[in-house]
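Here is how names work: the chains are called A, B, and so on, in the same order as the sequence lines, proteins then strands, and each is numbered from 1.
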Number of protein chains: 2
Amino acid sequence: MATIRDVAKAAGMSIGSVSRYLNGYALKEENMTKIKKAIEKLDFKQNYLAKGLKTKKSHAIGVVVNALTDVFAASIVTPLEYYLEKNNYELIMCDYQNDISNLKQKLQFLSSRNVDGVVIFHLSKPISYLYELQKQQIPIVAVDVPIAGFPCDAILTDNHHASENVVKNLYRAGHRQIGIIAGNSHDYVASQRLQGYVATMKKLGIYQPDLIAMGNYFQTSGYKATKKLLQSNRKITALYTTNYYLTLGAIHAINDLNLKIPQELAFVGFDDYDLSKVINPPLTVVAQPVKQMGEKTGEIILKRIKSPNLTSFKPHILNTKLIWRQSAGPKSFL
Amino acid sequence: MATIRDVAKAAGMSIGSVSRYLNGYALKEENMTKIKKAIEKLDFKQNYLAKGLKTKKSHAIGVVVNALTDVFAASIVTPLEYYLEKNNYELIMCDYQNDISNLKQKLQFLSSRNVDGVVIFHLSKPISYLYELQKQQIPIVAVDVPIAGFPCDAILTDNHHASENVVKNLYRAGHRQIGIIAGNSHDYVASQRLQGYVATMKKLGIYQPDLIAMGNYFQTSGYKATKKLLQSNRKITALYTTNYYLTLGAIHAINDLNLKIPQELAFVGFDDYDLSKVINPPLTVVAQPVKQMGEKTGEIILKRIKSPNLTSFKPHILNTKLIWRQSAGPKSFL
DNA sequence: CTGAAAGCGCTTACAG
DNA sequence: CTGAAAGCGCTTACAG
């Protein structure tokens with residue numbers, strides 16, 4: 001492997017000049033050409049280890065997700081990775097196996113590997129180690145859920161508005177008994193979605209507590225909640241499920257109950273993954289802006305790394321999109 | 001951040017000794033204690049950048065997957081990440097967006113970041129850049145598919161045997177007309193699975209070409225192939241789909257055709273993810289040993305890194321498991 | 001604009 | 001077993 005020293009020799013310049021060239025400083029035109037040629041000739045590649053040792057920057061970003069198999073996280077990390085690589089940053093993946101007590105260890109690991117920044121998915125309360133990272137000047141970006149009280153940027157979706165939009169559209173389609181399968185009430189995202197639903201139902205004057213069933217993140221819970229809700233409240237004409245797993249479970253339950261979608265029950269699910277299209281009829285869903293979320297995450301974290309002294313942190317809220325397919329009935333009214 | 005120099009001073013030893021201590025060499029007992037105390041007192045952490053600069057090892061493993069959202073890959077990378085972190089290696093994720101022409105760039109990127117090893121999913125033919133990696137002494141481990149003709153380890157599943165097992169069990173359950181939705185014939189995994197089916201059907205004397213339909217990796221293809229096969233061949237009493245997406249599509253098609261599972265059609269799918277349990281009735285599937293695959297991948301690549309001169313490469317073939325649920329009918333015969 | 005030199009935090013022959 | 005020293009491949013004040 002050629003080093004900067006080899007390049008300097010081949011170009012007849014000093015290593016300092018080669019370094020400056022590599023880092024984008026302006027040199028005399030002809031010298032730049034000489035260096036450029038030498039680099040090509042020797043197929044020189046920078047050594048990021050050496051560079052990092054001097055600059056204290058690893059050009060690595062740590063990403064911590066609850067589970068690698070979480071399609072939602074994966075669909076955000078995909079464009080994030082793309083963005084980072086384009087900017088010459090590498091992405092170190094960590095998975096805390098859905099157990100928050102692993103999180104500290106993962107963050108410590110990342111810190112020990114000198115990451116320049118950390119992206120954390122789905123963390124609602126700061127753990128103490130986060131303040132260590134802060135002391136080490138490692139910027140943090142929260143994704144999907146803001147970290148309560150912790151000063152960092154957050155990339156979020158308009159959960160409240162998403163529900164509002166679902167309810168309004170079902171209302172316009174003629175529905176008044178709109179049931180909801182809400183997620184865990186301790187969960188930030190789930191409660192935002194529920195609140196959006198409640199507020200809109202109230203505004204429209206069609207709110208009734210017995211239209212609400214609570215679930216969590218597991219499809220069995222969606223299954224049970226749906227079955228119970230639909231059996232105990234036979235007036236319901238439309239059902240809205242507020243996360244992917246609840247959607248899976250709800251569909252299962254509706255099938256079991258032999259209810260025809262959309263004729264007997266209009267259905268709106270959440271997240272636009274595989275299942276949304278397998279199901280018959282295809283599901284109307286709230287799709288999250290995963291591509292934008294990933295790109296925005298990359299943009300923000302690199303900005304923080306480049307300007308560590310920016311202080312004001314703010315949430316970046318991106319828009320969801322209601323994708324109307326057959327499960328919610330004809331969209332002629334739209 | 002304390003450095004090795006600070007530790008040496010605090011312990012009254014030389015930095016060389018501290019370094020030796022950190023790397024597991026034996027020192028005089030009392031000196032080891034002194035160093036240990038100094039490390040604790042100063043909360044010293046090794047600098048991997050500096051260490052890597054000297055040793056030419058980054059303690060990073062690059063992982064290249066076709067898509068981060070591929071649940072199969074994710075479910076292997078999860079235990080792999082766990083294994084690597086336990087051994088103090090970091091995992092750098094790359095996604096080639098299902099486009100093989102991105103692969104070279106990704107590998108170049110990983111090489112530029114001094115990865116100590118590379119794990120590649122689903123690559124059946126070597127690309128020329130692989131030989132560059134080889135020249136750089138970077139070990140490569142192929143996962144799920146062997147890289148034809150390229151000298152590296154491979155972590156595989158017993159696809160041939162998996163199909164044999166499915167056919168045999170359906171046969172024992174009384175089925176003779178066992179249909180298959182095979183994947184893309186150019187695909188290593190798919191063709192192994194098809195071959196296992198064909199060989200076993202022939203051995204049992206129940207092979208007929210019109211029991212076979214070809215699909216690819218998309219569920220629409222599974223949908224179409226299933227519909228066509230079941231409509232053109234009404235004798236089929238059991239259907240076997242050979243990958244997750246084909247399974248999704250097939251279920252959709254079977255619902256459309258209003259065939260009752262398992263009464264009118266016994267069904268065996270592939271891969272044990274979400275859907276397998278949502279579907280009513282729950283699906284009998286071939287489950288792949290993803291946890292073992294991830295761990296084995298980690299084990300092998302670290303072994304190669306530690307012993308770069310081992311030469312003989314071999315495939316490691318792990319066993320799938322047939323999980324019998326209701327979709328294939330009663331398992332009383334088993 | 002450019003060169004010479006110090007130094008980032010480690011490892012490792014060399015010598016004892 | 002241990003220390004002193006060279007060096008890994010870079011960056012960056014300093015001086016000109």
A quick test of your reading: do over 12 heavy atoms of other residues, nucleotides or ligands sit less than 6.0 Å from CD of Gln108(A)?
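It does: Gln108(A) CD has more than 12 such atoms within range.
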
Charged N to carboxylate O under 4.0 angstrom, [X] versus [Y]?
| X | Y | result |
| --- | --- | --- |
| Glu295(A) | Lys291(A) | yes |
| Lys106(A) | Glu81(B) | yes |
| Lys303(A) | Glu299(A) | no |

Using a 4.0 Å heavy-atom cut-off, does [X] contact any base of the nucleic acid, only the sugar-phosphate backbone, or nothing at all?
| X | result |
| --- | --- |
| Tyr21(A) | nothing |
| Lys57(A) | nothing |
| Leu27(A) | sugar-phosphate |

Pair Tyr83(A) + Tyr89(A): ring centers closer than 6.0 Å:
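Centroid distance Tyr83(A)-Tyr89(A): not below 6.0 Å, so no.
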
Measure centre to centre between the rings of Phe150(B) and Tyr131(B), then say whether the value is under 6.0 Å.
yes

To check you understand the geometry: which heavy-atom pair defines the closest contact between Cys152(A) and Ile140(A), and what is its length?
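Smallest heavy-atom distance, with atoms named: CB-O, 3.2 Å.
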
Is Lys56(A) near enough to dG9(C) that one of its side-chain N or O atoms lies under 4.0 angstrom from OP1 or OP2?
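For Lys56(A), the contact criterion (side-chain N or O under 4.0 Å from OP1 or OP2 of dG9(C)) is met.
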
Using a cut-off of strictly less than 4.0 Å, decide whether Ser14(A) has a side-chain nitrogen or oxygen near OP1 or OP2 of dG3(C).
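Checking Ser14(A) against dG3(C): at least one side-chain N or O falls below 4.0 Å of OP1 or OP2.
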
What interatomic distance, in whole Å, is found between P of dC14(C) and the corresponding atom of dC10(C)?
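24 Å, rounded to whole Å.
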
Collect all protein-nucleotide pairs involving nucleotides 12-16 of chain C in which both atoms are nitrogen or oxygen and the distance is under 3.5 Å.
from    : atom 1 : to       : atom 2 : distance (Å)
dA13(C) : N6     : Arg20(B) : NH2    : 2.7

Find the runs of at least 3 consecutive base pairs, i with j, i+1 with j-1 and so on, that include DNA chain D, using Watson-Crick or G-U wobble geometry with both distances under 3.5 Å.
C:1-3 with D:14-16, C:5-12 with D:5-12, C:14-16 with D:1-3

Check whether any side-chain N or O of His59(A) sits under 3.5 Å from a backbone N or O of Asn88(A) as a donor-acceptor pair, and report yes or no.
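At least one qualifying donor-acceptor pair exists.
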
